[in-house]
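Take a look at the structure set out below.
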Amino acid sequence: MKIPISIPAETFKVRAIDIAVFFIVLGILSFIIYIASEWGTPYERTVEINLNPSNIPQYAIQSLARIFFAYILSLTFSIWYGYTASRSKIHEKIMIPLLDILQSIPVLSFLPGVVLAMIALFPGKRIGLELACILLIFTGQVWNMTFSFYHSISTIPKEMREVVKVFKFNKFSKFLRLDLPFSAIGLIWNSMMSVAGGWFFLMACEMFILEDKDFRLPGIGSYIQTAANEGNIEYVIYGLGTMILLIIILDLFIWRPLIVWSQKFRIETIPPEEERESFVLNLFSGSIFIKKVVDLLNNTINKVEKLSYRKFSLSGNPVVNRLSKIMGIISLIIILLVIIWAILKAAGLVSNISFNDIITIIKAAFYSLLRVFVALLIALVWTLPVGVYIGLNPRAAKILQSIVQIAASVPATAVFPVILLFLIKLGGGLDIGAIFLMLLGTQWYLLFNIIAGASAIPKDLIEISRAYGVKGTRKWKTLILPGIFPYLVTGLITASGGAWNATIVSEYVSFGGEIMHTAGLGALISQSSASGNFGLLLLSTCFMSLTVVGINRLLWKRLFILAKTKYVLE
């Protein structure tokens, strides 16, 4: 006798969204295979960037891969570095000044050394140049994410830390249940800014030429730059249009869903009147496949968390302790040897620097400092009200978020020639035009952080201010500015570093086969890099680093201490 078995109809039900997910996964796998096949090819000494529009799709895919891998590397580094720096005062005193120095070094200063090192590691292979490009994009997008994560976990309210102690969370559980959720909003908004910064520096990273050596890579950035160098505005528009399309797709399928998801980490007890929404997130939440994947990830995380509570008695083992001390001493010796070697090499490079060169560097730094100050001031004037408006109004965010993301991601160097020609007609030239290009590259650091700060203001406080009739200037003084202050400081620090980085492309511009430059430290670094004058390049970079670190220590650090001690939700 056969026993009938009833199987739910949902078991065999295949939804359209699951079919769509299948094809998306298939597309991602095809994307990975294509990139692997391209990177495995031998490196060609002379790369031809074909401006035929039919080549744009493959160029765009390759640039997207570089941006993606650089972002994954940036995210991993940001979380590790920010968490490690916040663990103790000793780590903080060493790692945060080091972060200031690293942030202040322009991409073009990294460029020659990184490219030559990667080519030496992978001789004759294109993967070496690809890795160099990824590392250079990484240096252009990682710092604001690192500062954001570090500042977020450094300003966690005291009562939340007390809850962690009461429930006896270990370090991993605290990181998983408190540090990551609390920093999610700022980290996601800064991730958007980082990817936008990656697009901004993509053209410089894909179009590197050292003296007579050609280190270009096929990509949408090199396509736009080649078209700009030839003065072909039509092809520049084709390239920019493709880049904008990619940015819209990324915003629709990645950033908007992440921002909507991150809203559950706000500190509030009153739900907002109007939540941010994502059509894509709502659509894909109905996929059975995605639900299974999410459940699997949650179960895996829970198992790892349980394992983290197990104590392994290795610390009391004398052999392990001895080995760890030996390894620590060996590591310290290696670091010291590397530092000594670097100092000797640097001394050899700068030995030919004359006194006139030093005077030139000081004058150039003064001009660049003035431009950075003016650009930051202009950026703060408009980003503060606009960022607060977007952050506090979900309805406005639906429309303006995509516009802001597109505007932030379009490389200023691609649209700058048009602005420059207009300024030349007005009589301003590159002296004033450099400020506009610097503004195009740095204002978004402020805007994205201000939006994140306004989004994180608890709804409870907004409702209380509304109930007591707090409006206008009083509302800004008592609620908005204190609420966004930690994010504003993060934005100012990263915007300042971004402005100094932008000097290398704003004070030295190539268009239509001609080079236009003005007096400034960025122009000096660009000229030194292009001519292979590594001594002047090193000294100019060191002077820029000292300037940026000095400003950070004297001004931004004091503001951050104020944000950490006074403007924290307690």
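For the numbers below, each heavy atom of this structure counts, side chains included, while hydrogens, waters and symmetry mates do not.
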Once rounded to the nearest 0.5 Å, what's the spacing between atom [atom1] of [X] and atom [atom2] of [Y]?
X: Ile457; Y: Ile480; atom1: CD1; atom2: CD1; value: 6.0 Å
X: Leu131; Y: Leu73; atom1: CG; atom2: CG; value: 10.0 Å
X: Thr490; Y: Asn190; atom1: OG1; atom2: CG; value: 7.5 Å
X: Lys174; Y: Ile156; atom1: NZ; atom2: CD1; value: 5.0 Å
X: Leu488; Y: Leu384; atom1: CG; atom2: CG; value: 6.5 Å
X: Leu479; Y: Arg466; atom1: CG; atom2: CZ; value: 10.5 Å

Does atom CZ of Phe77 have more than 12 heavy-atom neighbours, drawn from other residues, nucleotides or ligands, at distances under 6.0 Å? yes
Give a yes or no on whether the backbone of [Y] and the side-chain of [X] come within a donor-acceptor separation of less than 3.5 Å.
X: Ser183; Y: Ser152; value: no
X: Asp251; Y: Ile247; value: no
X: Ser222; Y: Gly219; value: yes
X: Thr84; Y: Tyr81; value: no
X: Thr383; Y: Gln443; value: no
X: Ser262; Y: Ile259; value: yes

With a 4.5 Å limit on heavy-atom distance, are the side chains of Leu180 and Ile79 in contact?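 Side-chain contact under 4.5 Å: yes.
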Is any side-chain heavy atom of Ile493 closer than 4.5 Å to a side-chain heavy atom of Trp143? no
Measure the acute angle between the ring planes of Tyr223 and Tyr59, then classify it against the limits of 30° and 60° as parallel, tilted or perpendicular.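 Ring orientation, 0 to 90° scale: tilted.
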Assess the side chains of [X] and [Y]: does a donor N or O sit below 3.5 Å from an acceptor N or O?
X: Ser191; Y: Tyr71; value: yes
X: Thr146; Y: Ser78; value: yes
X: Ser74; Y: Gln141; value: yes

For [X] versus [Y], what's the shortest heavy-atom pair and its separation?
X: Gly186; Y: Ala452; value: CA-CB, 4.1 Å
X: Ala60; Y: Ile220; value: CA-CB, 4.2 Å
X: Met145; Y: Leu75; value: CE-CA, 3.5 Å
X: Cys133; Y: Leu217; value: CB-CD1, 3.8 Å
X: Gly391; Y: Ala454; value: CA-CB, 3.7 Å

Between Tyr83 and Phe175, does the ring centre distance come in under 6.0 Å?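 So the answer is yes for these two rings.
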Under 6.0 Å between ring centres: does that hold for Phe69 and Phe138? no
Using the side-chain contact (heavy atoms from CB on, under 4.5 Å) rule, take Asn449 and Trp189 through it: C-alpha gap first, then chi angles, then the decisive distance, then the call. CA-CA 7 Å; Asn449 275 283; Trp189 279 100; over 6 Å; no
Does Arg161 have any salt bridge (Lys or Arg N to Asp or Glu O under 4.0 Å) partners at least two apart in sequence or in another chain, and if so, which?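 Arg161 satisfies salt bridge (Lys or Arg N to Asp or Glu O under 4.0 Å) with no residue once adjacent residues are dropped.
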Check the pair Leu250, Trp255 against side-chain contact (heavy atoms from CB on, under 4.5 Å), reporting the backbone distance first and the verdict last. CA-CA 7 Å; Leu250 289 175; Trp255 299 125; 4.3 Å; yes
